[in-house]
> 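Have a look at this one before I ask anything.
Order of the sequence lines sets the chain letters (A, B, ...), proteins ahead of strands, with each chain counted from 1. Below, each value reflects all heavy atoms present in this structure, side chains not excepted, and no hydrogens, waters or symmetry copies.
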Amino acid sequence: MTDSKTLHAAFAGHVSAALDALEAAGTLPGGLNRANVAVEPPRDPAHGDLATNAAMVLAKPAGMNPRALAEALVGELTKIPAVTSAEIAGPGFINLRLSGGAWLEELRAIAALGEGYGRSSMGAGTTVNVEYVSANPTGPMHMGHCRGAVVGDALAALLEAAGHKVIREYYVNDAGAQVDVLARSAHVRYREALGEAVGEIPEGLYPGDYLIPIGQELAKEFGDTYAKAAEGEWLVLFRTRAVAAMLVMIKADLALLGIHHDLFSSEAELQAAGKPAEAEAWLRAHDLVYDGHLEAPKGKMPDDWEPVELPLFRSTNFGDDQDRPIKKSDGNWTYFGADLAYHYQKAQSADALVDIWGADHAGTVKRIKAAVAAMTGADGNPTPFEVKLVQMVQLMKGGQPFKMSKRAGNFVTLADVVEMVGKDVVRFTMLTRKPDAQMDFDFDKVVEASKDNPVFYVQYAHARIRSTLRKAAGEGMAPSGDHLDLLGEEELALVKLAAQFPRLVEAAAAAREPHRVAFFLYDLAGALHGYWNLGNDKPEKRFIVAQDGKLTGARLYLASQIGQVVRNGLALLGVEAVEEM
RNA sequence: GCGCCCGUAGCUCAGUUGGAUAGAGCACGAGACUUCUAAUCUUGAGGCCGGUGGUUCGAAUCCACCCGGGCGCACCA
């Protein structure tokens, strides 16, 4: 076995090599699809250390009896030095037991790889563009944005760890009607700053206090030049200033969560550069856009609805329910019209695209997937594109649903929540749940019960390890890999769990499911706490055994590597690995 | 009416992409602090995996239909 190769990677290779050998010997037909062959720990540890389903998966296409194939495979697998036994179980599982030494080597691999343990070359350096947050630049971040922000950020880190290049992108919707509303709202605050009694903020404008400083800055810069001027004289100027100010605010909010994007793309700039028009021309040339009549709405029917002719994209060709307009009747681009050009642009600099959206936009997934498939697939090789929906977060206060509205100004800002409970709690809470299920976020509960929060459980495991290492150092003892053979079954159980980390990272990245990392860390922390408490009753089970320097050195080595894995996992989630609590 | 998501212990949720006897936390019962940090651990009880069919060696997982909850269904964003 090579020195710093992880056990997980090594055994995937071993099984593959064993199958090669069977093919070479003519036992197994060549060219079988091995994609479903798995090598993983069995759910019940009593079955062994590793199990493979290879015989069951391949038996049918090979036209063989699973049992017979398993026998042949066992013959190959027992040749591997680290394997102490290989047994056929159930319908054709092969259960492998590994020597303790093989697992102890994994500890050395962790030590050798350090922060790199868990990183993988699976992505082969291909570039993935992850677009997330993309909140409208009309106010501060609120809790409704939070889940997508955290999930997107963790996913970006995960993909990077799995060997992809990652572009973290934020699409700034600075071209629609909502930013005109923002500009008008800023104008009211501007007049207010000049001393005018503006009273209540008019219906339909953003009433939030966060625009007051914008008004003051505008007043300072422009005096009363635009106080009485017609809207046409100041709208673009105020819009530009207000959007810029909102982005500063949003970036600051995101920074509180430790989120930093690589790229902010402006919808207005995209339009100014003529990208949607280029896209339309191309689509028309390929008969994917035509002038046609929009179908009547399927849900509640507005009173003033009337059929109009608009340029429509043939999204029904790609599975959508109806064709979608790319321009409005006033000649402006629809959101979709700009968005398809935007996605085409993203696809130029990435091998794959991932969008993180809120579930309230689920209705538009089909059309944008259709657009990407159409525009990037002309050569028969469409850019892989996934939209990951994060379901709604129901905000609760005192057990009651809490409605937010930016219009009404009664939203809960992300900054407030982070200040209340901390970045790590917010991030971990959002990540200990698969994103496609709805969740409640109850402030009272999160604040008052924060000690029960799983994030502290994981952080505590790390803090315990670090404090033990500090104490040992104070007594002149250090981790040592010289006598790892002194470690017993209880220690090996810990190693076996930690050794799952590399394949977990790959699986989570492939599935785009960062929450798996959070649950793994919770399990690992539980195992560490359980092991630790053995030492409550039996001092000889503690990490530090004063009379036995060799054993202590080995256990400290174990502790140190477990700590490394916890740290690496927390880093993926953007949660701090604390030194003490 | 249509589309997407969800339904697993009393509650909040996992379940390694179809694997072996379905698991955690909270709450409830019983225990462990003179400690390397008890923000911890050990242990008990708790299940029609929403329902019914189907696919196969094998289903909580895939398919169909139903039931229940959420989101969406304008040229908004």
> Consider the side chain of A:Ala89, meaning its heavy atoms from C-beta on, and name the nucleotide among B:C6, B:A77, B:A20 that approaches it most closely.
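Nearest nucleotide to the side chain: B:A20.
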> Counting only non-hydrogen atoms, which of residues 540-558 of chain A are less than 4.0 Å from RNA chain B?
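A:Arg542, A:Phe543, A:Ile544 - these, ordered by number, are the residues of the stretch whose heavy atoms sit under 4.0 Å from the strand.
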> Any ring pair (Phe, Tyr, Trp, His ring centres under 6.0 Å) pairs touching residues 312-334 of chain A, not counting sequence neighbours?
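Qualifying pairs, neighbours excluded: A:Phe313-A:Phe336.
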> So if I take every side-chain heavy atom of A:Val308 and compare against B:A14, B:A32, B:C75, which nucleotide ends up nearest?
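Comparing B:A14, B:A32, B:C75 against the side chain of A:Val308, the answer is B:C75.
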> For nucleotides 37-42 of chain B, just jot down a letter per nucleotide in 5' to 3' order: B, S or -, based on protein non-hydrogen atoms under 4.0 Å.
BSBBS-
> Any donor-acceptor pair under 3.5 Å linking the side-chain atoms of A:Asn173 with those of A:Gln178?
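Looking only at side-chain atoms, A:Asn173 and A:Gln178 do not form any donor-acceptor pair under 3.5 Å.
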> So if I take residues 493-500 of chain A and measure heavy-atom distances to RNA chain B, which residues fall below 4.0 Å?
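Contacting residues: none.
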> If you check the A:Asn173 side chain, which of B:A77, B:A20, B:C13 turns out closest?
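Nearest to the side chain of A:Asn173 among the choices is B:A77.
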> Taking for each residue the nucleotide of RNA chain B bearing the nearest heavy atom, is the 5' side occupied by A:Pro435 or by A:Ile94?
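Upstream on the strand: A:Pro435.
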> Under 3.5 Å, is there any donor-acceptor pair linking the side chain of A:Asn53 to the base of B:A20?
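No, no donor-acceptor pair under 3.5 Å.
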> Is the phosphate of B:C2, meaning OP1 or OP2, less than 4.0 Å from a side-chain N or O of A:Lys366?
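So the side-chain polar atoms of A:Lys366 never come under 4.0 Å of the phosphate oxygens OP1 or OP2 of B:C2.
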> Among B:G19, B:C5, B:C76, which nucleotide has an atom closest to any side-chain atom of A:Met56?
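Taking heavy atoms from C-beta onward, the closest nucleotide is B:G19.
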> Look at A:Lys434 and B:U17 and indicate whether a side-chain polar atom (N or O) is within less than 4.0 Å of OP1 or OP2.
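False: A:Lys434 side-chain N/O out of range (4.0 Å or more) of B:U17 OP1/OP2.
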> side-chain contact (heavy atoms from CB on, under 4.5 Å) with A:Lys366: which residues, sequence neighbours excluded?
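Partners of A:Lys366 by the side-chain contact (heavy atoms from CB on, under 4.5 Å) criterion, ordered by chain and then number, come out as A:Asp320, A:Asp321.
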> Kindly confirm whether the side-chain ring of A:Phe519 is stacked on the base of B:A14, judged by centres under 5.5 Å and planes under 30°.
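Not stacked: fails the 5.5 Å / 30° test.
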> Among B:A24, B:A77, B:C5, which nucleotide sits nearest the side chain of A:Asn136?
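Taking heavy atoms from C-beta onward, the closest nucleotide is B:A77.
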> Reckon A:His361 touches a base, only the sugar-phosphate, or nothing at all at heavy-atom distances under 4.0 Å?
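If one applies the 4.0 Å heavy-atom cut-off, A:His361 turns out to touch a base.
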> Among the candidates B:U17, B:C71, B:A20, find the nucleotide nearest to the side-chain atoms of A:Glu513.
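Looking only at side-chain atoms, A:Glu513 lies closest to B:U17.
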> What distance separates A:Leu50 CG from A:His8 NE2, expressed to the nearest 0.5 Å?
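Those atoms lie 10.5 Å apart.
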> Under 3.5 Å, which N/O atoms of the protein pair with N/O atoms of nucleotides 68-70 of chain B?
from, atom 1, to, atom 2, distance (Å)
B:G69, N2, A:Gln438, OE1, 3.3
B:G70, O2', A:Gln438, NE2, 3.3

